[in-house]
Undergrad: 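One structure is given below, represented as structure tokens, and several questions about it will come after.
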Amino acid sequence: MGMSKTEVLVNNTQASDPLKGKSLWIDAWQRLKKDKVAVACLIIVILYAIVAVLSGVGLIAADWGAEVGPSYAAPGADYWFGTDIFGRDVLSKVIHGSQVAMSVGLISSLIAIPIGVTLGALAGYFGGWVDEVIVWFYTTFSSIPQIMLLMSIALILGKGINTVYIALGLTSWVGLCRLIRGEVMKHKNREYVQAAGAIGAGHGRKLFKHIIPNVSHIVIIFTSLQFQIAIKSEVILSYLGLGVSGQPSWGTMIDDAKLELARGVWWQLAGATLAMFVVVLAFNILGDALRDALDPKLKGKD
Amino acid sequence: MSLISFKDVTVDFNTPEGVVRAVNGISFDIKEGQTVGLVGESGSGKSVTSLAAMRLIPNPPGIISGGQILFQGKDLVKASEEEMRKIRGNDISMIFQEPMTALNPVFRVGDQIAEVLMLHKGMSRKEAWQKAEMLLDQVGIPNPKASIMKYPHEMSGGQKQRVCIAIAIACEPKLLICDEPTTALDVTIQKQVLDLMFDLQSKYNMGMLFITHDLSVIADIADDVVVMYRSNLVEQNNTEAIFTDAKHPYTKGLLSCRPSLEKNPSRLLTVADFMDDAGNEIEIDQAKLVPDEKKEKKEETPTLLEIKGLSTHFPIKGGLFGRTVDHFKAVKEVSFKLQKGKTLGLVGESGCGKTTLGRTILRLIEPAAGQIIYDGIDVTKLDKDQMREMRSRMQIIFQDPYSSLNPRMTVGEILLEPMNLHNIGANKEEKIEKAKWLMEKVGLTAAQLSRYPHEFSGGQRQRICIARALAVNPEFIICDESVSALDVSVQAQVLNLLLDLQEEFGLTYIFISHDLSVVNFISDEVAVMKAGEIVEMDKASKVYHNPQRDYTKTLLEAIPKGIPKSLLAKQQ
């Protein structure tokens with residue numbers, strides 16, 4: 001008798017929690033791992049993130065502002081990506097620009113996700129007038145051309161990186177809100193939610209404990225796609241002169257290239273575009289792969 | 001000569017876990033005008049076999065890796081995609097299980113029938129629509145001239161299945177494959193559809209492959225029966241021989257696990273009584289073969305639940321601002337009493353309000369009028385907190401074991417949630433101990449607590465649902481079509497489990513089902529519902545042997561007898 005008691009205890013401590021198993025996230029990860037292209041994209045994204053962090057703390061490309069060579073030196077052995085008008089190294093600027101790009105993606109997602117998820121979940125779950133108000137709000141919001149909205153927010157808040165974060169965050173939650181609303185509507189009538197009601201769970205528990213985890217894969221997919229949209233939008237904003245100033249970003253670099261191209265200086269444009277192209281492509285492919293890997297419809301019945 | 005003959009057909013699926021053999025070298029023939037029943041549980045490979053004949057196995061991951069399928073002497077396995085397209089829908093056509101999803105919701109039914117005719121017979125649109133109208137008449141759709149213009153959502157489930165049949169027979173196929181065509185239908189509609197298919201088959205002299213998990217459905221219409229178990233063909237014979245002299249233990253198990261109206265055993269035999277997990281025949285417990293009759297619970301017990309004039313209405317929205325313009329009365333002034341420790345069976349066709357009644361009793365839907373008196377307490381008067389407390393005494397088990405468990409929670413978390421909500425168990429260890437105990441009570445193992453629902457089969461999931469309901473120590477459980485989605489062999493196990501638990505814990509059940517033979521087996525009393533009202537209610541034995549209402553008689557007559565016609569004739 002004593003033996004079996006201790007056995008149970010040992011078992012309990014071995015698996016730190018006997019209720020935890022191979023989670024669906026781990027399952028999804030294992031499926032994602034089989035997709036070689038997606039894994040390559042994930043590695044690219046992680047590399048960009050590392051580069052962004054390292055340049056952020058000043059470990060690499062800290063001397064982007066220094067004059068290292070002649071003005072407009074073509075790419076070569078000394079300067080791989082060439083130099084700009086002030087003789088600054090374009091490669092260092094591209095590296096430093098990744099910091100802006102990644103932080104814009106991350107922070108604008110962090111602003112958009114709480115708004116989109118909360119409003120979408122409330123609208124989908126409660127329906128009725130709550131739904132009508134929220135749907136009215138976001139349809140009105142999304143009927144304004146996004147670039148106009150971006151520009152007006154940027155004009156109100158003034159130039160700077162913080163404006164870019166807020167402007168992009170505030171304009172990108174609508175899509176997520178719509179998706180979450182639809183999914184929550186679908187899930188709230190599933191029997192597992194009714195079963196939760198039958199054991200005495202209230203609205204909060206049904207929504208947060210049962211439904212939201214089942215639609216959370218949408219947030220992951222949204223984030224990976226939002227990143228690339230944000231990166232592109234930052235470039236557009238900076239190109240329009242509403243974006244980042246005082247530090248290099250891919251957008252300001254492309255903006256500079258307006259005048260340079262006429263002189264046959266193509267490398268600043270090429271450097272920034274290449275860096276953006278690779279990361280946007282990587283996020284796009286990764287987003288698609290995540291959608292496949294996380295889709296709960298593919299699970300269970302097979 | 002055979003119309004189609006399967007010779008050593010093998011189908012493999014490449015999965016991340018390795019190659020799975022779905023069909024393992026099976027051989028059987030269908031002659032012209034012959035009906036062959038293909039029987040097996042879900043996952044036995046029966047649907048894959050039929051898809052192989054249409055060459056519709058999704059590739060990748062599936063592949064017909066061996067054997068021949070000779071259709072009128074031509075090997076379909078080797079046929080080109082071009083040739084197959086001419087055969088599909090023309091020489092071989094198919095009817096699926098779910099008429100709700102088998103029709104395209106954005107096209108009129110006329111278009112959907114006309115499509116095959118234009119494709120295969122080269123008819124003009126006008127000719128095809130004329131033919132479609134004739135076909136609708138033939139499959140018994142009332143007023144075909146008007147019905148042909150309808151969209152699928154304007155039709156009932158039975159009518160949709162008739163449209164599917166019309167599409168399937170449009171080109172007068174030589175072989176018709178039916179994949180569980182009546183499983184999703186009510187028992188009365190099932191009978192009509194089966195009769196229709198039987199008529200059409202003799203009229204067009206079609207060969208028919210009828211796939212089902214339920215032997216009793218094909219007893220009337222099949223000439224031969226092929227039994228599949230775990231990808232293998234385990235037995236084939238003519239129908240009469242299968243029913244009188246089954247050889248394989250699995251077939252024997254299948255035959256005896258279906259509750260019937262004639263016999264009334266206290267427990268059902270299951271496949272597990274005839275064979276072990278490895279598929280070897282085991283010595284049958286003779287005492288079990290002649291099971292003791294179900295004892296009617298004669299002793300009077302105190303009333304646990306009394307329903308007085310209960311009504312449930314759903315608002316019908318209309319007008320410009322979506323105001324409520326009228327109410328749909330799903331439950332109309334229902335009254336009954338249920339004694340402690342007994343089971344009330346609630347039967348009726350889909351849409352009769354039985355599910356709504358069940359949910360209203362638990363106040364998952366608010367009643368419009370009436371009282372629900374549970375153990376002396378009027379449940380309709382309870383406030384939110386009192387109701388929450390009440391939920392630990394009244395539980396529900398749902399129909400679909402796939403959607404009633406949260407896919408993102410482990411079984412352990414699912415079982416602990418109700419205990420946490422109702423403060424059952426002093427600490428986590430105690431709760432986990434209880435969860436382990438519950439798992440064993442419902443025939444699962446404690447080690448499975450860390451698994452997720454998708455790792456379980458349908459029957460196992462329904463056991464988890466039962467364990468969740470039991471976690472709060474309820475006295476009363478509503479089983480809402482709780483075995484309808486399960487294979488007959490699994491259904492028998494779950495029914496036995498419910499009865500065992502009732503005996504052990506003195507549970508009171510309301511058992512909602514459209515399947516009258518299941519209700520007869522499990523219930524002490526039966527209430528027949530029609531259009532929101534209870535039309536007949538009495539002791540189960542009385543309702544079944546001496547029904548008072550015509551509606552009840554119709555329902556009872558529609559139950560498949562589960563005995564071949566030829567055999568029935570001999571018996572009389």
Side-chain angles (χ1 to χ4, degrees), chain A residues 4-5 7-9 11-28 30-31 33-35 127-129 131-132 186-187 189-203 205-206 209-217 294-302, chain B residues 13 15-16 322 359 362-364 384 387-392 394-419 421-422 428-429 432-433 435-436 446-456 458 461 465 468-469 471-472 474 478 480:
Chain A
S4 66
K5 263 262 166 71
E7 255 175 41
V8 168
L9 280 174
N11 276 340
N12 273 351
T13 43
Q14 260 176 0
S16 60
D17 191 337
L19 308 179
K20 290 279 177 236
K22 190 176 127 189
S23 94
L24 294 188
W25 296 109
I26 295 172
D27 220 59
Q30 276 164 352
R31 260 182 302 170
K33 264 199 315 199
K34 291 198 185 86
D35 187 345
W129 67 266
D131 185 37
E132 276 171 42
K186 201 169 80 194
H187 276 270
N189 290 321
R190 293 267 166 94
E191 286 182 336
Y192 75 85
V193 181
Q194 296 187 16
I199 58 168
H203 289 313
R205 193 179 185 86
K206 279 198 261 183
K209 178 108 197 202
H210 288 276
I211 299 177
I212 299 255
N214 275 292
V215 302
S216 55
H217 62 284
L294 288 168
D295 192 346
K297 283 196 284 291
L298 299 170
K299 294 255 19 125
K301 291 201 177 180
D302 48 18
Chain B
F13 280 86
T15 67
R359 290 185 191 185
L362 294 186
R363 271 185 71 192
L364 290 175
K384 220 170 142 191
M387 194 59 222
R388 188 166 296 184
E389 222 159 274
M390 197 61 170
R391 299 223 177 274
S392 72
M394 312 164 82
Q395 274 299 309
I396 182 164
I397 301 163
F398 293 96
Q399 169 174 7
D400 183 1
Y402 288 94
S403 77
S404 56
L405 296 171
N406 188 338
R408 298 272 188 221
M409 286 165 83
T410 62
V411 173
E413 289 166 343
I414 287 168
L415 293 185
L416 251 61
E417 188 182 26
M419 294 187 228
L421 277 167
H422 293 282
K428 192 158 187 192
E429 281 68 46
I432 290 170
E433 280 310 309
K436 287 179 178 167
Q448 290 167 319
L449 278 178
S450 61
R451 305 252 189 102
Y452 281 84
H454 72 260
E455 296 170 65
F456 294 88
R461 287 181 193 216
C465 295
R468 172 175 59 190
V472 292
I478 292 181
D480 187 0

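Because only heavy atoms are used, hydrogens play no part in the values below, and waters and symmetry mates are left out as well, while side chains stay in. Letters A, B, ... are given to chains in the order of the sequence lines, protein chains preceding strands, and every chain is numbered from 1. Please read these numbers as outputs of a predicted model, since none were measured by experiment.
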Undergrad: So does A/A201 get a backbone contact from the side chain of B/R388, meaning a donor-acceptor N/O pair under 3.5 Å?
TA: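 Answer holds: no.
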Undergrad: If every non-hydrogen atom of B/S404 is compared with every non-hydrogen atom of A/A195, which pair is closest and at what distance?
TA: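 Minimum heavy-atom separation between B/S404 and A/A195: O-CB, 4.2 Å.
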Undergrad: Please name all residues satisfying side chain to side chain contact (heavy atoms under 4.5 Å, CB included) with A/Q194, sequence neighbours left out, ordered by chain then number.
TA: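 Checked A/Q194 against side chain to side chain contact (heavy atoms under 4.5 Å, CB included); matches are B/R359, B/F398.
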Undergrad: Let's go through B/E417 and A/R205 carefully: what are the C-alpha distance in whole Å and the side-chain angles of both, what is the deciding distance for salt bridge (Lys or Arg N to Asp or Glu O under 4.0 Å) to 0.1 Å, and is it a yes or a no?
TA: CA-CA 10 Å; B/E417 188 182 26; A/R205 193 179 185 86; 2.7 Å; yes
Undergrad: Counting heavy-atom pairs closer than 4.5 Å to chain A, which one of B/I397, B/I414, B/L364, B/L362 comes out on top?
TA: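 Looking at each option in turn, the highest pair count goes to B/L364.
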Undergrad: State whether the side chain of A/E191 and the backbone N or O of B/D400 hold a donor-acceptor pair below 3.5 Å, judged by distance alone.
TA: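 Yes, because the side chain of A/E191 sits within donor-acceptor range (under 3.5 Å) of the backbone of B/D400.
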Undergrad: Non-hydrogen atoms of chain A under 4.5 Å away: do they reach the side chain of B/L421, the backbone, both or neither?
TA: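 The answer is the side chain of B/L421.
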Undergrad: Return the CG to OH distance between B/N406 and A/Y192, rounded to the nearest 0.5 Å.
TA: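 Those atoms lie 5.0 Å apart.
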Undergrad: Name the region of B/S392, side chain, backbone, both or neither, that has any atom closer than 4.5 Å to a heavy atom of chain A.
TA: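 Neither part; nothing is under 4.5 Å.
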Undergrad: Start with the C-alpha gap between B/R408 and A/H217, add the side-chain angles, then the distance that decides, and say whether side-chain contact (heavy atoms from CB on, under 4.5 Å) holds.
TA: CA-CA 11 Å; B/R408 298 272 188 221; A/H217 62 284; 3.7 Å; yes
Undergrad: With a 4.5 angstrom heavy-atom cut-off, is it the side chain or the backbone of A/K34 that approaches chain B, or both, or neither?
TA: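 A/K34 touches chain B through side-chain heavy atoms alone.
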Undergrad: Please name all residues satisfying side chain to side chain contact (heavy atoms under 4.5 Å, CB included) with B/P418, sequence neighbours left out, ordered by chain then number.
TA: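 Once residues adjacent in sequence are excluded, the partners of B/P418 under the side chain to side chain contact (heavy atoms under 4.5 Å, CB included) criterion are A/I199, B/R468, B/A471, B/V472.
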Undergrad: Check each atom of B/M409 against the heavy atoms of chain A and say whether the ones under 4.5 Å are side chain, backbone, both or neither.
TA: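 Contact with chain A involves the side chain of B/M409 alone.
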